[in-house]
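Here the structure comes first, spelled out in structure tokens, and everything after it is commentary.
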Amino acid sequence: MFRHALLAATAAAATCPTLASAQHSAHDTQATHADHAADDRAGATSPDHRAAPHAVPHHAPSGERDGPAAPPSATGPDTREGAPPRQETGRQARATSTAPGAATGQAAPDAPAMDHAAMDHAAMGHMTTGAHASMAHPMPALTAPAAWRDASDAALAHAPRGSAMSGMTMGTAAGWYTPGSGTSRNPAGEGPMRGAMLHAGDWMLMTHGYVWAMATDQGGRRGGDGAYVQSMAMVMADNDLSDRVHLQLRAMGSLEPAMGARGYPNLFATGETANGRALVDRQHPHDLFMELAARVDYRLGGDTSLFVYAAPVGEPALGPSAFMHRGSARYLPMSPITHHWFDSTHITYGVLTAGVSAPKVQLEGSWFKGREPDERRWGFDPIRLDSWSVRGTWTPSPYVALQVSHGRLKEPEVLHPGEDEDRTTASVSYARAGLATTLAWSRKDRQPGDVLDAFLAEATYELTPRHALFARVENVANDELFPDHDDPLHDRRFRVTKAEAGYAYRLPIVGPLGVALGGTVAAYAKPAALDAAYGDSPVSWTLFAKFAVGL
């Protein structure tokens with residue numbers, strides 16, 4: 001297994017320098033234009049000030065940044081402390097001049113601050129500077145109010161240098177929220193999506209990925225140990241096809257199948273199979289294909305749109321954003337032991353979702369395949385649409401995202417044929433100034449079968465661009481810890497609590513590529529009936545090095 005893990009690390013790591021190299025010039029451009037950051041409270045215009053084609057003006061985050069400040073731009077005024085605010089450019093100035101409060105240079109509390117129009121990734125394919133100024137479908141000057149942008153920038157001030165560009169939002173988010181996995185939402189206070197940004201003609205691309213090398217010792221009699229590598233690569237491509245129609249394409253994959261069907265040790269984790277047997281106290285590897293999806297938004301007016309998300313492999317509208325795509329779990333190396341209560345549908349072979357998306361509310365429904373992926377991780381599972389879900393998401397402020405969802409899954413577990421599942425989830429995510437938290441609850445109601453609840457609380461606090469603390473506490477009722485039918489504890493339900501905490505030291509490498517070095521310690525609370533199998537007080541530890549594009 002270790003040899004396969006090294007092969008996975010080598011293959012996945014080979015992609016990271018390529019991405020970093022391709023983005024190095026973009027990162028330099030970002031640094032060069034840091035002194036061109038738009039002042040939200042400046043309303044003056046300068047008709048002679050022009051941005052170069054494909055230059056991405058952005059709102060520079062406040063607070064301490066890692067590394068030296070960019071030199072003053074030759075084409076724009078100095079924006080260091082005490083310097084006069086930069087005048088806005090081109091369309092930005094025209095848009096701001098017509099906004100409420102433009103006469104005084106102050107934006108109205110609920111009015112969009114137009115200096116961020118170019119940051120609305122809903123139209124990144126149609127930049128209004130340089131060669132794109134005369135496009136047939138100019139981008140709409142619609143962004144979230146200044147408070148939402150300020151919340152995003154406050155988070156970015158705590159992130160490692162180069163991990164993201166200020167003001168960047170993907171799809172039609174327009175700064176009102178940060179997109180999560182599938183069609184889910186995270187608070188705008190998590191900051192912009194982390195990764196490398198590229199222009200390709202009229203398309204705007206965002207790439208993200210990681211190679212996560214780990215060594216672990218899962219305590220107790222049933223805990224395993226070893227070294228392994230997790231990996232993921234993701235590309236998102238956005239373009240406005242017209243003034244009303246926006247297209248987003250998404251692809252995500254992993255080389256984790258190289259670690260073997262049994263995945264890696266994770267005490268008290270259950271779900272899916274390896275070599276025809278149930279996986280217990282282990283986390284299965286993710287599939288080679290994690291997402292291949294297209295989303296089309298049709299703008300109704302303002303920031304409201306109707307959308308359709310279609311994916312031969314993707315994620316339905318069920319549960320919060322998957323753990324690998326939410327800021328509260330950014331450096332937690334283990335998947336949650338509640339993974340199959342909250343996240344098990346994040347790789348689903350066959351998804352069709354439709355909904356309405358407004359700045360603060362999203363309502364959606366999905367038709368999808370209920371069966372979880374099979375253990376042949378390199379392949380592509382048959383597509384079927386036999387299950388459904390509905391989800392409502394509310395983002396009342398830049399700092400909060402709440403979701404409630406319910407779904408009926410058709411025979412999700414291969415070892416439980418004829419057993420469907422009603423799944424209900426609720427979660428609240430809060431993010432502000434480097435702190436990202438998630439509180440979540442889920443209920444599995446098997447048809448026929450038991451009702452099993454799970455609770456999760458996790459947080460990541462980026463104290464500075466170098467230092468981060470994180471923790472997760474889970475409590476779950478699980479009846480799959482003893483799959484052997486001859487075991488006297490077979491099918492008995494046990495409530496287990498896991499508490500894990502850790503630290504990460506982050507280092508930029510080049511451009512958006514960085515590394516986080518850290519470790520965690522986990523302890524468990526369980527019924528005395530499990531002592532014979534697990535020991536009295538198991539304790540686990542994990543050390544890791546996470547190389548990531550958009551750390």
Side-chain angles (χ1 to χ4, degrees), residues 1-2 5 8-9 181 210-220 222-232 254-256 259-272 274 279-286 290 319-344 346-347 436-438 440 442 454-461 468-476 478 480-481 496-504 516-526 534 538-548:
M1 184 183 77
F2 187 70
S181 60
Y210 57 73
V211 175
W212 205 335
M214 304 184 192
T216 190
D217 186 345
Q218 298 289 291
R222 291 177 65 167
D225 57 44
Y228 56 94
V229 174
Q230 296 185 68
S231 61
M232 186 270 286
S254 173
L255 293 179
E256 288 181 18
M259 73 171 64
R262 297 188 69 239
Y264 59 84
N266 189 4
L267 202 63
F268 290 108
T270 61
E272 302 194 20
L279 281 169
V280 180
D281 301 312
R282 300 190 71 86
Q283 167 62 34
H284 60 80
H286 289 112
M290 299 178 69
S321 182
F323 68 92
M324 55 177 49
H325 298 283
R326 56 184 186 246
S328 57
R330 195 182 308 277
Y331 302 110
L332 280 155
M334 294 286 177
S335 66
I337 63 172
T338 54
H339 173 56
H340 283 261
W341 276 254
F342 294 106
D343 308 309
S344 62
H346 80 108
I347 300 178
T437 66
T438 298
S442 178
F455 302 87
L456 176 146
E458 65 185 17
T460 293
Y461 187 22
L469 299 174
F470 47 90
R472 176 189 288 146
V473 177
E474 305 171 79
N475 179 276
V476 59
N478 196 333
E480 298 180 333
L481 295 174
V496 176
T497 299
K498 176 182 179 180
E500 184 176 19
Y503 164 80
L517 306 173
T520 69
V521 176
Y524 309 84
K526 56 180 176 44
Y534 285 92
V539 174
S540 303
W541 60 262
T542 304
L543 299 177
F544 65 82
K546 181 180 182 181
F547 296 86

Are N475 and V496 packed together at the side-chain level, in the sense that at least one heavy-atom pair is separated by less than 4.5 angstrom? no
Could you check whether H286 and H346, counting side-chain N and O atoms only, form a donor-acceptor pair closer than 3.5 Å? yes
In Å, rounded to the nearest 0.5 Å, how long is the span from NZ of K546 to OH of Y210? 6.5 Å
So, using side chain to side chain contact (heavy atoms under 4.5 Å, CB included) as the criterion, who are the partners of A471 when residues are at least two apart? A501
Qualifying residues under salt bridge (charged side-chain N to carboxylate O under 4.0 Å, His left out), relative to K526, sequence neighbours excluded: D531
What's the separation between atom OG in S442 and atom NE2 in H340, rounded to the nearest 0.5 Å? 12.0 Å
For the pair Q218 (side chain) and L267 (backbone), establish whether a donor and an acceptor sit closer than 3.5 Å, ignoring hydrogens and angles. yes
Please check if the side chain of Q283 supplies one atom and the backbone of S335 the other of a donor-acceptor pair under 3.5 Å. no
Yes or no on side chain to side chain contact (heavy atoms under 4.5 Å, CB included) for V280 and R222, after CA distance, side-chain angles and deciding distance? CA-CA 9 Å; V280 180; R222 291 177 65 167; 3.3 Å; yes
Taking atom types as modelled, find out whether S540 and Y524 have a side-chain donor-acceptor pair closer than 3.5 angstrom. yes
Backbone N or O of A322 within a donor-acceptor pair of the S181 side chain at under 3.5 Å? yes
What one should report as the nearest heavy-atom pair of D225 and P265 is N-CG, 4.1 Å
Beyond-backbone contact of H339 with H284, side-chain heavy atoms, under 4.5 angstrom: yes
Distance-minimising heavy-atom pair for P285 and G260: CG-O, 3.4 Å
Pairing of D281 and R262 as salt bridge, 4.0 angstrom limit: no
Side-chain heavy-atom pair T520, W541 within 4.5 angstrom cut-off: no
Please check if the side chain of Q230 supplies one atom and the backbone of P333 the other of a donor-acceptor pair under 3.5 Å. yes
Atom OH in Y264, atom OH in Y228: separation rounded to 0.5 Å? 5.5 Å
With a 6.0 Å cut-off on the ring centroids, do F268 and Y534 count as close? yes
Are side-chain N/O atoms of T270 and N478 paired as donor and acceptor at under 3.5 Å? yes
Closest non-hydrogen atom pair, T338 against F455: CG2-O, 4.1 Å
For residues A454 and V476, report the shortest heavy-atom separation together with the two atoms involved. CB-CG2, 3.9 Å
Quick one: pull up CG in L332 and OG1 in T460 and give me the separation to the nearest 0.5 Å. 5.5 Å
List for me each residue that meets salt bridge (charged side-chain N to carboxylate O under 4.0 Å, His left out) alongside E500, sequence neighbours excluded, and say none if there are none. K498
Can you label the angle between the F470 ring and the F544 ring as parallel, tilted or perpendicular, going by 30° and 60°? tilted
Going from CZ on R282 to CG on N266, what distance comes out if it is rounded to the nearest 0.5 angstrom? 9.5 Å
Just verifying a value: how many Å separate S231 OG and E256 CD, rounded to the nearest 0.5 Å? 5.5 Å
Between A459 and T437 the two heavy atoms that sit nearest each other are CB-CG2, 3.7 Å
Output, in order, the C-alpha distance, side-chain angles, deciding distance and verdict of side chain to side chain contact (heavy atoms under 4.5 Å, CB included) for L279 and E480. CA-CA 9 Å; L279 281 169; E480 298 180 333; over 6 Å; no
Side-chain donor/acceptor of R472 to backbone N/O of M334, under 3.5 Å: yes
For a quick test of reading the model, state the closest non-hydrogen atom pair linking A274 to A261 and the distance between them. CB-O, 3.4 Å
